[in-house]
Protein chains: 2
Amino acid sequence: MDNPRARILNTASLLFHQQGYNSTGINQIIDEAKVAKASFYQYFRSKDELCIAFLRFRHEYWFAELQAYTQHITGREGFIERVFDFIIHMNKKENYRGCSFLNILSELSKDQEAILAVIQSHKNDLRNFFENRLEKSLLATHIYLLFESAIIESQLFKSNELVYKSKEIINYII
Amino acid sequence: MDNPRARILNTASLLFHQQGYNSTGINQIIDEAKVAKASFYQYFRSKDELCIAFLRFRHEYWFAELQAYTQHITGREGFIERVFDFIIHMNKKENYRGCSFLNILSELSKDQEAILAVIQSHKNDLRNFFENRLEKSLLATHIYLLFESAIIESQLFKSNELVYKSKEIINYII
DNA sequence: TCATAAACAGACAAGTCTGTCTATTTATTC
DNA sequence: GAATAAATAGACAGACTTGTCTGTTTATGA
């Protein structure tokens, strides 16, 4: 939190998450991060480059949280339960803001391929995470898909209802 | 396609879908719709009001397409198959642009509650659609959730892979 | 044909945006 | 302590944004 780069990244995380990417200006970021504009452009060539740095930063943070939250669980059922509890946990923590990656996806134009690649890579990692914990199986993909929609519906309705429903569905099926 | 209002709505549909809401300016809309700015503000008080009109317009169109695509199907299995085929159909038709409603959701700020309400209402209608065709059941919610993520993953990866996977999952379960 | 309505073009205000630049101050290191 | 590096503030260019406004032209209907 002491060096400019970290302050920028932390502030951008907050603002992108709260207001969206296109609605958040560089000026607001540097104001709230208490960083001069020249310093900003010292660390990041452009806003899009900041976006990519932010997504990588967010990726590291989010996965670390998910790992920590599910690490100690051993059984398959328990793991799946826990994974949906993680959504509830993050919804509360971050006020139903949904997925940073999908939020930015919606704002991309065709020429922002570099950003798209980071988003795809994040989601591939998530899918792999489930395949590692549940064996590469239809179930892993199933959980991935329900996990994705559970996050989005939480954001849309600012509610955990469909997270609980997802858990019900899985319990019924397994 | 002949009166200004319809031209605006059609052009906005295209541009919002292609470029996103915040990245599309009024000026571009009126240029491409070949409508004077004064005429635009005759029909819509503000850009946000256009957004709401667009979403209602899109809602009507999209649901009509979905109805038409699934109307003649009788059995439960066939209906579910058909519903996922509809995603593939729309992906091809609209170049993997995903869901207009969720795309705009990501761009909303806190004060745009009126727009949020239209999006929620659309998704409630979709969920009701499944509950009507499949009886109010856990299965209906299940299809709704997989349907949602199938659309999003199509957009993200510009591929139907996870739509096919969703069908596999459902076939395995039923 | 003439009055009314609906469209047009486009200038303008007031604000936003990203990115560049100059010039100054604060830290760090030899 | 002097030289170098890293930070600061903030003006500025140029392009964009939404929304208002004036004035002109085209359609419509009696």
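Reminder, nothing fancy here: chain letters follow the sequence lines and each chain counts from 1. Note that the structure is a prediction, hence the values are computed from the model and not measured.
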- Query: Can you list the residues that meet the side chain to side chain donor-acceptor pair (under 3.5 Å) rule with Gln18(A), with sequence neighbours excluded?
  - Reply: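 Not a single residue meets the side chain to side chain donor-acceptor pair (under 3.5 Å) criterion with Gln18(A).
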- Query: What ring-ring contact (aromatic ring centres under 6.0 Å, His included) pairs are there with at least one residue in residues 94-117 of chain B, not counting sequence neighbours?
  - Reply: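 ring-ring contact (aromatic ring centres under 6.0 Å, His included) check on residues 94-117 of chain B returns Phe101(B)-His122(B).
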- Query: For residues 146-174 of chain A, which residue pairs qualify under ring-ring contact (aromatic ring centres under 6.0 Å, His included), counting only residues two or more places apart or in two chains?
  - Reply: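 Output for this query lists Phe130(A)-Phe147(A).
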Who are the side-chain contact (heavy atoms from CB on, under 4.5 Å) partners of [X], not counting sequence neighbours?
X: Glu131(B); answer: Arg127(B), Asn128(B), Lys136(B), Ala140(B), Thr141(B)
X: Ala12(A); answer: Phe16(A), Ile29(A), Leu50(A)
X: Ile80(B); answer: Arg76(B), Phe84(B), Leu134(B), Leu139(B), Ile143(B), Ile170(B), Ile174(B)

- Query: For Leu50(A) and dC17(C), what is the distance between atoms CG and P respectively, to the nearest whole Å?
  - Reply: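 Whole-Å distance recorded here is 15 Å.
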- Task: Name the nucleic acid region contacted by Phe44(B), choosing base, sugar-phosphate or nothing; use a 4.0 angstrom heavy-atom cut-off, strictly under.
- Result: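 No contact at all - Phe44(B) keeps every heavy atom at 4.0 Å or more from the nucleic acid.
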Atom pairs under 3.5 Å: protein N/O with N/O of nucleotides 25-27 of chain D:
none

- Query: Quick one: CE on Met90(A) to CG on Asp85(A), what's the gap to the nearest 0.5 Å?
  - Reply: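 The CE atom of Met90(A) sits 13.5 Å away from the CG atom of Asp85(A).
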Listing, residues 36-44 of chain B side-chain donor-acceptor contacts under 3.5 Å, not counting sequence neighbours, or none:
residue: Lys37(B); atom: NZ; partner: Asn27(B); partner atom: OD1; Å: 2.8

- Note on the structure: Per-nt protein contacts along nucleotides 8-17 of chain D (heavy atom under 4.0 Å; B base, S backbone sugar-phosphate only, - none) come out as BBB-------
- Is the distance from OP1 or OP2 of dA7(D) to the nearest side-chain N or O of Tyr43(A) less than 4.0 Å?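 Looking at the OP1 and OP2 atoms of dA7(D), one of them is under 4.0 Å from a side-chain N or O of Tyr43(A).
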